[in-house]
S.K.: 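Handing you a structure now.
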Amino acid sequence: MIIILRSNSSDEDISSVEAKIRDMGLEPHVSKGIQRTVIGAIGDESKIDKEILEALPCVENVVRVMKPYKIVSRDSHDGDTVIDVGGVPIGGNRVQVIAGPCSVETADQMNQAADAVAAAGCRLMRGGAFKPRSSPYTFQGVGVEGLEMFQNAARKHNLPIVTELMDVRMLDTFLEHKVDVIQIGTRNMQNFDLLKEVGKVQTPVILKRGMSATVSEWLMAAEYIAAAGNHNIIFCERGVRSFETAYRNMLDVTAIPVLKRETHLPVIIDPSHAGGKAWMVPSLSRAAIAAGADGLLIEVHPRPAEAWCDADQALSPDQLNTLMGELRGIAQVIGRDL
Ligand code: PEP
Ligand code: MN
């Protein structure tokens, strides 16, 4: 940590900052310039609250040297982490497409969706049984029954399932239903109690980016899960809030190379909630794979116009099939499989 003092700081000020640094368990190294004094604080700064130093009247600025996230940081792990989801690797050379409806509706709908997902060559399936809807008067998801319908449909094709957990009280139910990947939605990215609880299990977690979260906040949210013991984390960019109203969210493709540099964990893209329209999904998906995403989370419905939730952004089975063909070509060009 580097502490820059105000230009008029006295020797007494310097001594008081040095004492504070020692109190915090770090070792101060004073460097006096003509105009400014800078103090380097050496030691483990990860648990230090820099505001304590910033609050001292003689301190102008405090700069951290270490990253505030450790376990998820690339510094802690050189290679790319590959997460095993029921035998399907996420984060390796193979790009994985997780497809399925926004929400679980009926057994028939899930069976048809699973057939379509498997036929298109996807190896994992998505579907929400509990839905975080903006309005309390809209469909909220079919609940626990939905987990059963989802498992019955997906197991026929050996597709591991991805489904959103909103309430910490449902975690045991998710484990009993053998949910393969717990999705933490954009609205819960900073629900720290929820993050701590999913950190206590080993089920892989897809952590969606908060709709207005910075990359650093997102990494810190992942660190909450990792610090509690679960290192099986997959980042999912799903578009951020912006000034633009022509689409639902703005897909932050830049986050892909930035995250790949900052973390060893896999990074996937949700083009469906980014664009918000089915016709945008192919372009955004192609861009994501070309930019280095490890996978995609795509909404598909046997009859999109009849979907109970997010109908406008769901691909049809045929559209998914065509898209998978295109994505295979892009993956090949960049030396990956799909
Ligand atoms: C979803 O995946 O269905 C969903 C609600 O996503 P998000 O949390 O990104 O809005
Ligand atoms: Mn949706």
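Numbering starts at 1 and runs along the sequence shown. Order of appearance sets the numbers: ligands from 1, and atoms from 1 within every ligand.
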S.K.: Would you please say whether a donor-acceptor pair under 3.5 Å links the side chains of Asp115 and Gln112?
M.R.: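 There is no such pair (donor and acceptor under 3.5 Å, judged by atom type) between the side chains of Asp115 and Gln112.
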S.K.: For the pair Glu223 and Lys70, find out whether any cationic side-chain nitrogen is under 4.0 Å from an anionic carboxylate oxygen.
M.R.: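 Here Glu223 does not pair with Lys70 in a salt bridge, since their nearest N and O are not under 4.0 Å apart.
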S.K.: List the protein residues in contact with ligand 1, where contact means a heavy-atom separation under 4.0 angstrom.
M.R.: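 Within 4.0 Å of ligand 1, the protein residues are Cys102, Arg126, Lys131, Pro132, Glu164, Gln183, Gly185, Thr186, Arg187, Lys208, Arg238, His273, Glu299.
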S.K.: Could you tell me whether Lys67 and Glu262 have a side-chain N and a carboxylate O separated by less than 4.0 Å?
M.R.: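 Yes.
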S.K.: Less than 4.0 Å between a side-chain N and a carboxylate O, is that true for Asp252 and Arg238?
M.R.: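 Judged by the 4.0 Å cut-off on N to carboxylate O distance, Arg238 and Asp252 do not form a salt bridge.
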S.K.: Do you see a donor-acceptor pair shorter than 3.5 Å between the side chains of His231 and Gln202?
M.R.: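 Checked: His231/Gln202 side chains show no N/O donor-acceptor pair below 3.5 Å.
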S.K.: Salt bridge or not between Glu60 and Arg36? Use side-chain N to carboxylate O under 4.0 Å.
M.R.: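 Salt bridge: yes.
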S.K.: Any luck finding a side-chain donor-acceptor pair between Asn188 and Lys208 under 3.5 Å?
M.R.: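 Looking only at side-chain atoms, Lys208 and Asn188 do not form any donor-acceptor pair under 3.5 Å.
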S.K.: Leaving waters out, which protein N, O or S atoms fall under 2.8 Å from the Mn ion (ligand 2)?
M.R.: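 Listed by chain and number, the atoms are Cys102 SG, His273 NE2, Glu299 OE2, Asp310 OD2.
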S.K.: To the nearest 0.5 Å, how far apart are CD1 in Ile234 and OG1 in Thr263?
M.R.: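 Here the rounded value is 11.5 Å.
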S.K.: Could you tell me whether Asp180 and Arg155 make a salt bridge, using a distance below 4.0 angstrom between a side-chain N and a carboxylate O?
M.R.: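 Yes, this pair counts.
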